[in-house]
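All remarks here apply to the structure that follows.
Just so it is clear, the values below take in all heavy atoms, side chains as well, and ignore hydrogens, waters and symmetry mates. Below, chains carry the letters A, B, ... as their sequence lines are ordered, and counting in each starts from 1. Since the structure is predicted, the reported quantities are computational estimates derived from the model, not experimental observations.
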Amino acid sequence: MGHSGFYNSAMSSIFDDDFFAPTDPMANVGDTLLHGLNDEQMRAVTLPDEHALILAGAGSGKTRVLTTRIAWLLQQQRVSPGGIMAVTFTNKAAKEMTARLSAMLPINVRGMWIGTFHGLCNRFLRAHYKVANLPQGFQILDTQDQLSAIKRLYKQFNINDDQFPAKQMQWFIGGCKEEGQRPGDVPVRDAESRKKVDIYQLYEEQCQREGVVDFGELMLRSYEILRDHPLVRQHYQRRFRHILVDEFQDTNRLQYLWLKQFVPEVGDAVPRNAIFAVGDDDQSIYAFRGARVGNMNDFVTELKVQHQIKLEQNYRSYSNILDSANALISHNTRRLGKNLRTDQGSGEPVRVVELPGDLAEAQWIVDEIKQLVRDGSARKEIAILYRSNAQSRVIESTLFNHAIPYRVYGGLRFFERAEIKHALAYLRLLDNPRDDTSFLRVVNFPPRGIGARTLEQLQDAARSGNTALVDAVQQVPGKAGANLASFVAKIDAMREQADQITLKEIVELVLDNSGLLEHYRNERDGADRVENLQELVNAAESFVSLEGFGKESAGMHQLDTSAAPAWPGESDAAAQDAANSASAAEVLPDGETLSPLAAFLTHAALEAGDNQAQAGQDAVQLMTVHAAKGLEFNNVFISGLEEGLFPHENSLNDYDGLEEERRLMYVAITRARQRLYLSHAQTRLLHGQTRYNIRSRFFDELPEECLKWITPKRAGFADAMPGYEGRWGGNQGDSWNRDVRQAVGQGSAEVVRKSEPGHGLKKGMRVFHTKFGEGTVQMLEGSGADAKAQINFSRHGVKWLALSVAKLTPID
DNA sequence: GCTGTAGAACTTTTT
DNA sequence: GTTCTACAGC
């Protein structure tokens, strides 16, 4: 059943009523539902209504299990669509789930809550905006907006950016929220942390005053409402019989706490419901942004999960690739334990190659790609993966020189582009004149004679009156004040017109009246920007049409505030419950609808859009390993497999870091279906200087029988390090690594065998540190892993550094 | 108020 | 080596 069928059924709403009637023509769809599932998948799909953890290995049909489970619940278990919530991390995943589901069943997906954590929280807060103490049309700050909001705060309160870098503060605030901490909950140790918490507090007040929320706030506030309002909580606990979670290993603390709110406690007098969590601890690669693999264990113990199923049958790769992945990941110690298997045969060996430099590496990859294409491979089935973005440049230019089409993932997304942000800022001001972030963004863009001086005056006035910028405009005297007033008048005029026209027309109006379009037309390289603005008009137009068809994808822009389920029985119970309670008002959603403009702005904030420029073209795919998660290709190149790069040097200081790097490598390997190529270079240009690297330790963790060395295998990490068995051994690895870097750095690219232990530093020696620059060793203390050195840096003064951690290079 | 130049950063990233 | 940010000068 295709999309058109789905829309038809959704629009006529026949299925909502008749879907399960015996006469229904689609009643036999379910017969084929479970067809083709293996035993493990079948067991998972048909588990009873209890909490379950599904350990789904790479390529094991995870999404299929999730969607089939939902379909099975709807059809066989007669669960109402309104009783199901499915949570993902990315819009892409949510969309895919929705699409697959509607292809599987002629069901109205709209009643279901399928979406990202943030999308669902947004939906929740819009529905309960009064309880949430937010304006109904609250706007969402993306990462850029959040940073500029913090910087604005710094100006206003004279906070020193050198002392508390705004970026770091942003990270701090985000981190607190992810842990579920309000300013009052953050432990304060010293004056510095006191100040940070104060800034956090000020930031919160500013957001509240302006009626905006950041991403973390969407989650945190939703969580707090559920936690603090038993009636609201019980309403949703009653409603959602089944909660399905994708990529569970990537959940942070707050997301886990939020999920748990949906599970009734003993004595809550709410019927039992079930969380069906799908995840893979071996693919947990987002600890750096707060993901807690530990949530998997906590989930099992705290909710007494009785059902755990491992999906270990892989449908993607040949066994040489799979065995490599299995062998590699077995070197991690903290695992739930899983071993992928395949029926596909061994396939080609994994090819390994060593090259003299990054350029030669790129050249080699390009040569191989040419061969693959000659042999009939589609270019889009070839992926080049790397650990960090900086590595793409050499590869890009080499591909370019050979006229091979390629596509780089990452970079700016559509809604993050400056010109789009400017346009959105105008649109936001139409919706909420008190949005100071947007006000400042465009008050003088395009330039209209409002300078920094004027704005300072304005901000002073606003601060002393404790008002929004827009309300302080009259207080600025003279020409400057007049300019400001005319800006505000212009916005007001647009707002007035906006009431009577379509969303598309509003966007066009703003682009014209603001002067944005004009500005970019006159700019030398403005053609792309003009095109993007035109694209924004198109986006607005199609957004309207989506609304018109009542299609609700992952974005949750369709604000279906009917939190009370449409299913007979359930809705009665919920309504009854609400009616019986004294504070029914807070339980039931505040059912007004959002204006199309506000909905569009929300959509823009929650879904930053594509960043793939030339999509659709048959091009070689370039991306970081992180970006490759969830994708698969016939041919995969993993480049830059060198110590310091992959595993990345910044991760080597702690054990968890190395294990995460290994999981990252595991993810990279398991992207390949047929052919896998691993390459490393002896030298590489990084940060403007040539670095000499030895091959990654990960090579020593792969089974020799699966590999084919294109260039001779030479001494590597394990050979040079006695006692290394592919396992992390405290800090010796790093000090050894430094020795090699020093030795190799002195000229020979040949791998050096470990000579003598220790750091090799002496008093009076000149050393170089990547952060602090040059300095002189003044004192040495301790030995081995505890060795420390006192170094006098010419630029940064005297510092004590732990030699097992700090990266020092002697200068001669 | 805009433009050019010096200085600093620089792993990975979704919402 | 590149790229973004911040401040000084026109």
Side-chain angles (χ1 to χ4, degrees), chain A residues 87-94 115-122 140-148 151 161-162 165-167 171 174 177-178 213-219 247 250-252 254-255 284-291 358 385-394 397 409-413 415-416 418 444-455 480 483 554-556 602-609 611 623-630 640 644-652 657 660-661 663-665 667-668 684-691 770-771 773 795:
Chain A
V87 204
T88 63
F89 274 88
T90 63
N91 290 300
K92 197 176 154 203
T116 62
F117 277 99
H118 294 87
L120 295 177
C121 285
N122 171 58
I140 299 165
L141 299 185
D142 68 12
T143 318
Q144 290 176 37
D145 301 330
Q146 191 187 23
L147 188 64
S148 52
K151 285 185 176 164
D161 190 85
D162 293 333
K167 274 243 173 69
W171 185 81
K177 292 192 180 186
E178 266 164 17
V213 298
D214 59 43
F215 288 131
E217 188 68 27
L218 281 174
M219 289 285 336
E247 306 276 18
D250 287 338
T251 50
N252 62 35
L254 179 59
Q255 283 157 340
S284 160
I285 54 174
Y286 286 110
F288 71 91
R289 65 172 197 214
D358 45 1
L385 310 184
Y386 35 81
R387 174 66 241 267
S388 65
N389 283 307
Q391 289 166 254
S392 77
R393 250 197 42 252
V394 183
S397 66
Y409 284 69
L412 269 196
R413 327 263 288 278
F415 284 111
E416 292 166 357
N444 196 38
F445 194 94
R448 47 175 73 89
I450 299 170
R453 186 117 196 189
T454 309
L455 290 177
N483 284 344
M556 289 304 159
T602 300
H603 166 77
L606 283 179
E607 194 166 351
N611 52 14
M623 65 194 86
T624 63
V625 180
H626 282 93
K629 189 175 167 209
L645 243 192
F646 201 175
H648 197 279
E649 56 194 349
N650 292 4
S651 72
L652 292 177
E660 179 142 321
E661 293 291 305
R663 289 193 292 269
L664 201 49
M665 181 65 185
V667 168
R684 188 173 291 277
L685 208 60
L686 204 67
H687 303 331
Q689 53 187 350
T690 307
R691 300 214 344 187
T770 45
K771 254 209 197 100
R795 298 185 58 89

- Query: Base, sugar-phosphate, or nothing for A/Asp214, non-hydrogen atoms under 4.0 angstrom?
  - Reply: nothing
- Item | Rounded distance (Å) that lies between atom P of B/dT14 and atom CD of A/Gln255 | 14 Å
Scan nucleotides 11-13 of chain B against the protein and return all N/O pairs shorter than 3.5 Å with their distances rounded to 0.1 Å.
{"from": "B/dT11", "atom 1": "O4'", "to": "A/His648", "atom 2": "NE2", "distance (Å)": "3.1"}
{"from": "B/dT11", "atom 1": "O2", "to": "A/Arg387", "atom 2": "NH1", "distance (Å)": "2.6"}
{"from": "B/dT11", "atom 1": "O2", "to": "A/Arg387", "atom 2": "NH2", "distance (Å)": "2.4"}
{"from": "B/dT12", "atom 1": "OP1", "to": "A/Asn389", "atom 2": "N", "distance (Å)": "2.6"}
{"from": "B/dT12", "atom 1": "OP1", "to": "A/Asn389", "atom 2": "ND2", "distance (Å)": "3.0"}
{"from": "B/dT12", "atom 1": "O4'", "to": "A/Arg387", "atom 2": "NH2", "distance (Å)": "3.0"}
{"from": "B/dT12", "atom 1": "O2", "to": "A/Arg387", "atom 2": "NH2", "distance (Å)": "2.5"}
{"from": "B/dT13", "atom 1": "OP1", "to": "A/Thr624", "atom 2": "OG1", "distance (Å)": "2.7"}
{"from": "B/dT13", "atom 1": "OP2", "to": "A/Asn389", "atom 2": "ND2", "distance (Å)": "3.4"}

- Results of side-chain hydrogen bond (donor to acceptor under 3.5 Å, both in side chains) for A/Asp142 - residues two or more places apart only: A/Lys421
- Okay, side chain of A/Glu416, backbone of A/Ala608: is any donor-acceptor separation there less than 3.5 Å? no
- Quantified in whole Å, what is the C1' atom distance between nucleotide C/dT5 and nucleotide B/dT12? 23 Å
- When every nucleotide of nucleotides 2-10 of chain C is labelled 5' to 3' by its protein contacts under 4.0 Å (heavy atoms), B for base, S for sugar-phosphate only, - for none, what sequence of letters results? S---S----
- How far apart are the C-alpha atoms of A/Arg289 and A/Glu178, what are their side-chain angles, what is the distance that settles it, and do they pass the salt bridge (charged side-chain N to carboxylate O under 4.0 Å, His left out) test? CA-CA 9 Å; A/Arg289 65 172 197 214; A/Glu178 266 164 17; over 6 Å; no
- Message: For A/Arg448 and A/His118, find the nucleotide of DNA chain B closest to each by heavy atoms; which residue's nucleotide sits nearer the 5' end?
- Response: A/Arg448
- Could you say whether A/Thr454 or A/Glu416 is positioned toward the 5' end of DNA chain B, judged by the nucleotide with the nearest heavy atom to each? A/Thr454
- Heavy atoms of A/Phe646 and A/Gly640 approach each other most closely as CB-O, 3.7 Å
- Task: Calculate the interatomic distance between A/Tyr409 atom OH and B/dT14 atom P; express it in whole Å.
- Result: 12 Å
- Query: ring pair (Phe, Tyr, Trp, His ring centres under 6.0 Å) with A/Phe89: which residues, sequence neighbours excluded?
  - Reply: A/Phe117
- Query: Counting only distance, no hydrogens or angles, is the base of B/dT15 paired donor-acceptor with the side chain of A/Thr143 under 3.5 Å?
  - Reply: yes
Which donor-acceptor pairs under 3.5 Å do the side chains of residues 446-455 of chain A make with protein atoms, sequence neighbours left out?
{"from": "A/Arg448", "atom 1": "NH1", "to": "A/Tyr426", "atom 2": "OH", "distance (Å)": "3.3"}
{"from": "A/Arg448", "atom 1": "NH1", "to": "A/Val442", "atom 2": "O", "distance (Å)": "2.9"}
{"from": "A/Arg448", "atom 1": "NH1", "to": "A/Val443", "atom 2": "O", "distance (Å)": "2.9"}
{"from": "A/Arg448", "atom 1": "NH2", "to": "A/Tyr426", "atom 2": "OH", "distance (Å)": "2.9"}
{"from": "A/Arg448", "atom 1": "NH2", "to": "A/Ser514", "atom 2": "O", "distance (Å)": "3.2"}

- Would you say A/Asn91 reaches B/dT15's phosphate, i.e. side-chain N/O to OP1/OP2 under 4.0 Å? yes
- Task: Name all residues meeting the side-chain contact (heavy atoms from CB on, under 4.5 Å) criterion together with A/Asp214; count only those two or more places apart in sequence or in a different chain, and write none if there are none.
- Result: A/Leu141, A/Gln146, A/Lys177, A/Tyr203, A/Glu217
- Interatomic distance where CD belongs to A/Gln144 and P belongs to B/dT14 [whole Å]: 13 Å
- Find the distance A/Asp250:CG to B/dT15:P and express it as a whole number of Å. 12 Å
- Rounded to whole angstrom, note down the C1' distance from C/dT3 over to B/dT14. 23 Å
- Here the pair of heavy atoms bringing A/Phe215 nearest to A/Ala605 is CZ-O, 3.4 Å
- Message: When the C1' atoms of C/dA6 and B/dT11 are compared, how many Å lie between them, rounded to an integer?
- Response: 25 Å
- Query: With under 30° as parallel and over 60° as perpendicular, where do the rings of A/Phe288 and A/His626 fit, or are they tilted in between?
  - Reply: perpendicular
- Integer-rounded Å distance: C/dG1 C1' and A/Asp358 CG: 12 Å
